2 protein chains.
Amino acid sequence: MREATLRDVATRAGVSIRTVSNVVNGYAPVSDTLRAKVETALNELDYRPNLIARNLKQGRSGMLCLVVPELDVPYFAELARAVIAAGRRHGYAVMVDQTDADPVRERELLTRNSRLTLFDGLILSPLTLSAQELRERGNKTPVVLLGEHLFDGSFSHVAIDNVSAARDATEHLISLGRTRIAAVGDQPYRTGETAQLRTAGYRQALERAGLPFDPALVRPTERFHRHLGATAATALMALPSPPDAIFCYNDLLALGALRGLLTAGVRVPDDVAVIGIDGIEEGEFATPSLSTIVPDKQQIADLAVESLVALIEQGATPAPAEVRASHTLLARESTLGRA
Amino acid sequence: MREATLRDVATRAGVSIRTVSNVVNGYAPVSDTLRAKVETALNELDYRPNLIARNLKQGRSGMLCLVVPELDVPYFAELARAVIAAGRRHGYAVMVDQTDADPVRERELLTRNSRLTLFDGLILSPLTLSAQELRERGNKTPVVLLGEHLFDGSFSHVAIDNVSAARDATEHLISLGRTRIAAVGDQPYRTGETAQLRTAGYRQALERAGLPFDPALVRPTERFHRHLGATAATALMALPSPPDAIFCYNDLLALGALRGLLTAGVRVPDDVAVIGIDGIEEGEFATPSLSTIVPDKQQIADLAVESLVALIEQGATPAPAEVRASHTLLARESTLGRA
DNA sequence: CACGATGTCTGCATCGTTGCAGAGCTGCCA
DNA sequence: TGGCAGCTCTGCAACGATGCAGACATCGTG
């Protein structure tokens, strides 16, 4: 059966379509008698407003779109949850989509037939898409970027300070007295800005502590997944002079590393201390529990939604803002001091 | 700047709106000369179709909505990924929403102003919402349910066979020679049908093996989260006669239990074997790695989307189908046989 | 050359809703 | 009693797209 429309309700109640609309929206004053009649008809027909029509008329949908590379990466799942909650507080529904970490899928966002036109705004955590591409293909949908992509000033942008986050992580390892500190997750070859910033922070910390930089201790990984962390850790321990600590560029790599070290018979933290970034819940229950740098996801989500809503509601584009979210060090078992 | 409309393009190209539409959609034959003119104008104005308008006219949006309780629960995140992929194969975009495991939020789906009218169909993994409520509030949007909610025949429904999954898990523990097997995750008090089915499977396995059922070994948990698993495991080990194996109703509980046992100085699997359900990736990297019952998430997603698309596209409702997805046992370190 | 068939192109109506302007009624005051 | 507010209520137009029917030009055929 077809959904009831305002017209159906109006006919049944013997009033004008407009009056039904007024009752539904509470816009204009409606007499009690008419209101009662209309409400009866509304219930009898189980009327539900056609939001597509309303959206067309109003030129807005009240929906934001969050696009992340992979929804089953815990960091993105936790972030998505926070963004949905933040959107809700601002009166927007947030729909989540993922690109499967596929550059082609990411670029589909820019195409003529992208579903983005359905949304009032876009929060995008890009993997390979550059701000430049985004600007050139000039989608008029307001956009806020998440994560550390080349900020070229054309988009608002929310991220933690990745250099200092990585520096904090590394300095924490140094504070334990570790001197051969490995880094897992560099991405020098592609649009891996986040990774490169973390490498920079890692090197800063070494320098400040007067520790030598050994390129053999820096392991690139194509992606930030557990099994690559395990592989990298295994490879590191096979070095002639293996590390006594590993800084992983995210928690998944670190959790994989924990597992790889265990399999290799390496004790954590006694032989090798491990730290990650992301503060995902999984790390709390790992064995040993994982030390990490915790980005304030709630804050990231809030700031992103706030910026986006500002862009949407102030028609005229306010200057794109580069917003820094905070992060904190959370030391757990994987970086306990030696007994 | 306002988005360009068909009318803008038509004016610029000196043709009718209809012709522009034909070019955009490739519907009707258009001469090369006109097509060229139109395409120039399309590019100059960076035209993008207004999908809201198109959807209104066509009476469909090409979008499905997936609603889960919590997106940062790995099972749901992994499922969401599979559903998005399945939707895509069927030509639908899937948007994900979550209810924060809040019964009130779940019921909002049924209200007059639910955003569901925007979607062609709904895939719902309900927590407390019953099929009856869903039916009574009679949303006309096609719905497919996921998970084991009371199946009353009014909705299509995809789930694994929870009784046999729980039985398989328990029998696996029994096959290791364990005799005092605990169950963590029962939900006897609320609409916890899934939990209750798993309890039934657990008891079946005990019976078949001729093992006694000890109510003290069945721990209810309000939700299926890691910390509750840890608490439950700790409590179990404090019993006068503690278990030698624990069957957790999902992997998060099991991962929490692993952690709780470790903290209590209990060795897994030597002292206590542990198994979960869900097959989330996290379990592979846990220490020890987690044995689990793996539901075929890809199959669940495919079946759900297929059923839903059938409902949508065959206007007339085909009989609601109860579909069983398959599951397999994955034995890992947490249930290794004793040395 | 007349005719129908084909191939292009256009205008109108429509999807279901809301903005707007104004119609009709009532009551109040001069 | 006339006129003006103020309150309800209504009809029309519009959001931007597509379905449909038909206009017009061109072509081939007898």
Side-chain angles (χ1 to χ4, degrees), chain A residues 1-39 41-42 45-62 112-120 140-141, chain B residues 1-39 41-42 45-62 112-120 140-141:
Chain A
M1 192 184 66
R2 198 175 50 86
E3 287 273 354
T5 71
L6 280 184
R7 195 222 299 270
D8 300 329
V9 178
T11 305
R12 183 169 195 114
V15 299
S16 75
I17 293 180
R18 194 57 246 224
T19 298
V20 180
S21 171
N22 286 338
V23 170
V24 170
N25 295 297
Y27 276 177
V30 176
S31 68
D32 289 345
T33 40
L34 271 204
R35 158 167 287 118
K37 268 201 278 186
V38 170
E39 281 181 344
L42 283 173
L45 295 176
D46 189 27
Y47 170 76
R48 285 152 203 277
N50 180 321
L51 295 188
I52 299 186
R54 178 181 289 174
N55 292 346
L56 172 60
K57 185 62 186 158
Q58 302 192 332
R60 65 187 292 279
S61 66
R112 174 164 298 160
N113 289 311
S114 154
R115 302 211 190 240
L116 283 186
T117 46
L118 279 171
F119 298 94
D120 294 341
K140 279 138 204 149
T141 312
Chain B
M1 192 184 64
R2 197 174 52 84
E3 286 273 355
T5 70
L6 280 185
R7 195 221 300 271
D8 300 330
V9 177
T11 306
R12 183 169 194 116
V15 300
S16 76
I17 293 180
R18 194 57 246 224
T19 297
V20 180
S21 171
N22 286 337
V23 170
V24 170
N25 295 296
Y27 275 178
V30 176
S31 68
D32 290 345
T33 39
L34 270 203
R35 158 165 287 116
K37 269 201 280 188
V38 170
E39 281 180 344
L42 282 173
L45 295 177
D46 190 27
Y47 170 78
R48 284 154 204 277
N50 179 322
L51 296 189
I52 298 186
R54 178 182 288 174
N55 291 346
L56 173 61
K57 184 63 183 149
Q58 301 193 329
R60 62 186 294 279
S61 66
R112 175 161 297 158
N113 289 310
S114 155
R115 302 211 190 240
L116 282 186
T117 46
L118 279 170
F119 298 94
D120 294 342
K140 279 138 203 148
T141 313

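Sequence lines set the chain letters: A, B, ... in the order given, protein chains first and strands last, and positions in each chain run from 1. All values derive from a computational prediction rather than experimental measurement.
- Between A:Leu42 atom CG and C:dT17 atom C1' the separation is 14 Å, expressed in whole Å.
- Residues satisfying the side chain to side chain contact (heavy atoms under 4.5 Å, CB included) test with A:Leu42, not counting sequence neighbours, are A:Val9, A:Val20, A:Val23, A:Val24, A:Val38, A:Glu39, A:Tyr47, B:Arg112.
- Judged as a side chain to side chain contact (heavy atoms under 4.5 Å, CB included), and not counting sequence neighbours, the contacts of A:Leu34 are A:Val15, A:Thr19, A:Val30, A:Ser31, A:Lys37.
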In the 5'-to-3' direction, what one-character label does each nucleotide of nucleotides 5-18 of chain D receive under the scheme B = base within less than 4.0 Å of a protein heavy atom, S = sugar-phosphate only, - = no such atom? ---SSBB--BBBBB
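- Residues passing the side-chain hydrogen bond (donor to acceptor under 3.5 Å, both in side chains) test with A:Thr11, sequence neighbours excluded: none.
- With sequence neighbours excluded, the residues forming a side chain to side chain contact (heavy atoms under 4.5 Å, CB included) with B:Asn25 are B:Ser21, B:Tyr27, B:Arg54, listed by chain and number.
- Take B:Arg115 and apply the side-chain hydrogen bond (donor to acceptor under 3.5 Å, both in side chains) test, not counting sequence neighbours, and it matches no residue.
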